There are 2 protein chains.
Amino acid sequence: MTSRQNRPRDRGIPEATVARLPVYLRALHGLQDRGVATVSSEELAAAAGVNSAKLRKDLSHLGSYGTRGVGYEVEYLVYQISRELGLTQDWVVAIIGVGNLGRALAGYGGFASRGFRVAGLLDADDSIVGQEISGMTVGHIDRLEDIIADHGVSIAVIATPAAAAQGVCDRVVAAGVTSVLNFAPVVLSVPESVDVRKVDLSIELQILAFHEQRKAGGPGDYEPVPGGEPPGAAHYVEAVEA
Amino acid sequence: MTSRQNRPRDRGIPEATVARLPVYLRALHGLQDRGVATVSSEELAAAAGVNSAKLRKDLSHLGSYGTRGVGYEVEYLVYQISRELGLTQDWVVAIIGVGNLGRALAGYGGFASRGFRVAGLLDADDSIVGQEISGMTVGHIDRLEDIIADHGVSIAVIATPAAAAQGVCDRVVAAGVTSVLNFAPVVLSVPESVDVRKVDLSIELQILAFHEQRKAGGPGDYEPVPGGEPPGAAHYVEAVEA
DNA sequence: CAGTGTGAAACAGTTCACAGCT
DNA sequence: AGCTGTGAACTGTTTCACACTG
């Protein structure tokens, strides 16, 4: 059931569209930096790596922000997409788990530039607590509930080892967090009201491996996988310079 | 009706199914570690965070590997999924860009345990080249083509700053790599024969923000966006650090 | 029986192609 | 003339529900 609301524009934006809006936004920022004022669906689509029909359909879910015969005004579209995504307000984030990955996240410029403010870096390891990372001091995980309450954290980023993730998740949810970005390779269980998105490095690699395997074997009738043959030796690719 | 008992003739496993197989595989490994020998679709689905109908349909694309009235033999299913994904062979990976993220990837245990062997860590920065990371010495990006050829790298992981990513991508593709996992926040262009998957941290956060925003403003509520909309004032920076 | 495997229905997302606006 | 916006056709995915089997 989608909660229908009475808004000027129909507010049921398809999930697939939502997932692409950030990509469009980035492409638009690129155009903005190059001083481009107006862009056609064809051009923007190319910059975003989709086809133009899809782009137009996606944008049409936000409203009619283009001009027929002309295209879209870059600045205006940036604003509309930002607003739709909720990026015109700041979101407060806590990063839990300050290993290699947590560090990478803490230093990731893409957060701050999109209105995500990191309110705390937390870890359970005493040798990490107190360290200065990207201008922030790592706090002890004991302070999790305080940090969430004091700073109004609404999004938690979990970058702990797998074994710790569910426990941390339960705590952040109990403390009022309603969105979780999970980097730990586990399926988190949460109440229905909480959104979880997961990023799993090894899953992405496995999906690539599947397709890679398929390429290696030709269009024959037989099983593509021989059994123990190491890949790589016989690879060639058509030239790709540009 | 299927032509034979096992292994459907049907070459095409749906993409959505492929994307879930690694999740099932992980759940199965968990069961294996706990000594579970047999599992029903209901139980496995719960462990993987999907519903049982979807799981059964997914598995049915690989063949009839279950026993009616009983369930699936864990070990056998692990093997079948691994084989389908191409994990019964080793894949050689190179990681390009050894900033925070590259370091996290280099140390990520999930790679080695799934048959992904990291053949090289490469960076352009002389202060990073030569460093020892997770038991490997960081090589200079100049050696990219050598490493790819010598080790038979078929998957490249790009963890460079955005500005460097396309150039690196062109080089790995020219050197014979046919699968790329891209962490840089850019749309890479590659020949059709090359697979690219991208992981974008800030996009995931933006998707969460969208849903978060929707929760916050209840039905009939107005959004907390102020009227002032000076589109020129927004100053977004596209810099990503690595 | 209990639980898989699967047609068929329902739903979601993409692509087509063109009407209609500037 | 050119390009957006969108119904309609199409393709892919999920869910349902039950026949079938060990």
Side-chain angles (χ1 to χ4, degrees), chain A residues 1-2 4 8-21 23-24 27-28 31 36-74 76-77 80-81 84 207 211, chain B residues 1-21 23-24 28 31 36-74 76-77 80-81 84 207 210-211:
Chain A
M1 276 351 146
T2 356
R4 273 284 144 93
R9 283 269 140 210
D10 181 20
R11 281 277 160 148
I13 298 184
E15 199 48 40
T17 296
V18 172
R20 281 186 297 264
L21 290 180
V23 180
Y24 302 154
L28 286 165
L31 293 169
V36 177
T38 296
V39 68
S40 71
S41 65
E42 200 68 56
E43 295 163 328
L44 182 52
V50 302
N51 71 51
S52 63
K54 193 186 280 183
L55 178 118
R56 288 201 305 278
K57 180 75 93 180
D58 282 343
L59 294 185
S60 78
H61 287 112
L62 314 190
S64 286
Y65 296 142
T67 307
R68 291 172 197 231
V70 178
Y72 302 89
E73 208 218 312
V74 173
Y76 186 54
L77 199 49
Q80 291 299 346
I81 294 179
E84 194 61 55
I207 295 170
H211 293 292
Chain B
M1 50 183 116
T2 8
S3 51
R4 257 300 22 157
Q5 40 188 3
N6 283 349
R7 181 150 35 94
R9 232 73 261 307
D10 186 31
R11 308 273 267 137
I13 297 182
E15 200 46 43
T17 296
V18 172
R20 282 186 296 264
L21 291 179
V23 180
Y24 302 154
L28 286 165
L31 293 169
V36 177
T38 296
V39 69
S40 71
S41 65
E42 200 68 57
E43 295 163 328
L44 181 53
V50 301
N51 71 51
S52 63
K54 192 187 280 184
L55 179 120
R56 288 200 304 280
K57 181 73 93 180
D58 281 343
L59 294 185
S60 78
H61 288 112
L62 315 189
S64 284
Y65 296 141
T67 308
R68 292 175 196 233
V70 178
Y72 302 87
E73 208 217 310
V74 173
Y76 187 53
L77 200 48
Q80 292 299 346
I81 295 178
E84 195 60 54
I207 296 170
F210 171 84
H211 293 293

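Since this is a predicted model, take the numbers as computed values, not measurements. Here is how names work: the chains are called A, B, and so on, in the same order as the sequence lines, proteins then strands, and each is numbered from 1.
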J.: Distance check needed: C:dG5 P versus B:Leu62 CG, whole Å only.
T.: 10 Å
J.: Answer yes or no: is there a side-chain heavy-atom contact under 4.5 Å between B:Asp58 and B:Tyr24?
T.: yes
J.: Once you round it to whole Å, what is the distance between C1' of C:dA12 and CD1 of A:Ile13?
T.: 15 Å
J.: Could you grab the distance from atom CZ of B:Arg56 to atom CG of B:Leu44, nearest 0.5 Å is fine?
T.: 11.5 Å
J.: Does C:dG3 have OP1 or OP2 under 4.0 Å away from a side-chain N or O of B:Ser41?
T.: no
J.: Detail all sub-3.5 Å separations between protein N/O atoms and N/O atoms belonging to nucleotides 20-22 of chain D.
T.:
{"from": "D:dC20", "atom 1": "O2", "to": "B:Arg68", "atom 2": "NH1", "distance (Å)": "3.3"}

J.: Could you tell me how far apart B:Glu42 (CD) and C:dT4 (P) are, to the nearest whole angstrom?
T.: 8 Å
J.: Using whole Å, what does the distance between atom C1' of nucleotide C:dT15 and atom CG of A:Leu55 come to?
T.: 14 Å
J.: So which atom in B:Gly66 and which in B:Tyr72 form the shortest heavy-atom distance, rounded to 0.1 Å?
T.: CA-CD2, 3.4 Å
J.: In whole Å, I'd like the distance from the CD atom of A:Glu73 to the P atom of D:dC3.
T.: 17 Å
J.: Grab the CG-P distance between B:Leu77 and C:dT4 for me, whole Å please.
T.: 11 Å
J.: If you look at every heavy atom in A:Lys54 and A:Asn51, which pair is closest and at what distance?
T.: N-OD1, 2.9 Å
J.: Can you find a heavy atom in the side chain of A:Leu77 that is under 4.5 Å from one in the side chain of A:Leu59?
T.: yes
J.: I'd like to know whether the aromatic ring centres of B:Tyr76 and B:Tyr65 sit less than 6.0 Å apart in this structure.
T.: yes
J.: Search all heavy atoms of B:Thr38 against all heavy atoms of B:Glu43 and return the closest pair with its distance.
T.: O-OE1, 4.4 Å
J.: Closer than 4.0 Å, any side-chain N/O of B:Tyr72 to the OP1 or OP2 of C:dA2?
T.: no
J.: Would you name the heavy atoms of A:Val23 and A:Ala48 that are closest together and state the gap between them?
T.: CG1-O, 3.6 Å
J.: Each nucleotide in nucleotides 10-16 of chain D should get exactly one letter: B, S or -. Can you fill that in based on protein heavy atoms under 4.0 Å?
T.: ---SSB-
J.: Quick check: do B:Ile13 and B:Glu84 have side-chain heavy atoms less than 4.5 Å from each other?
T.: yes
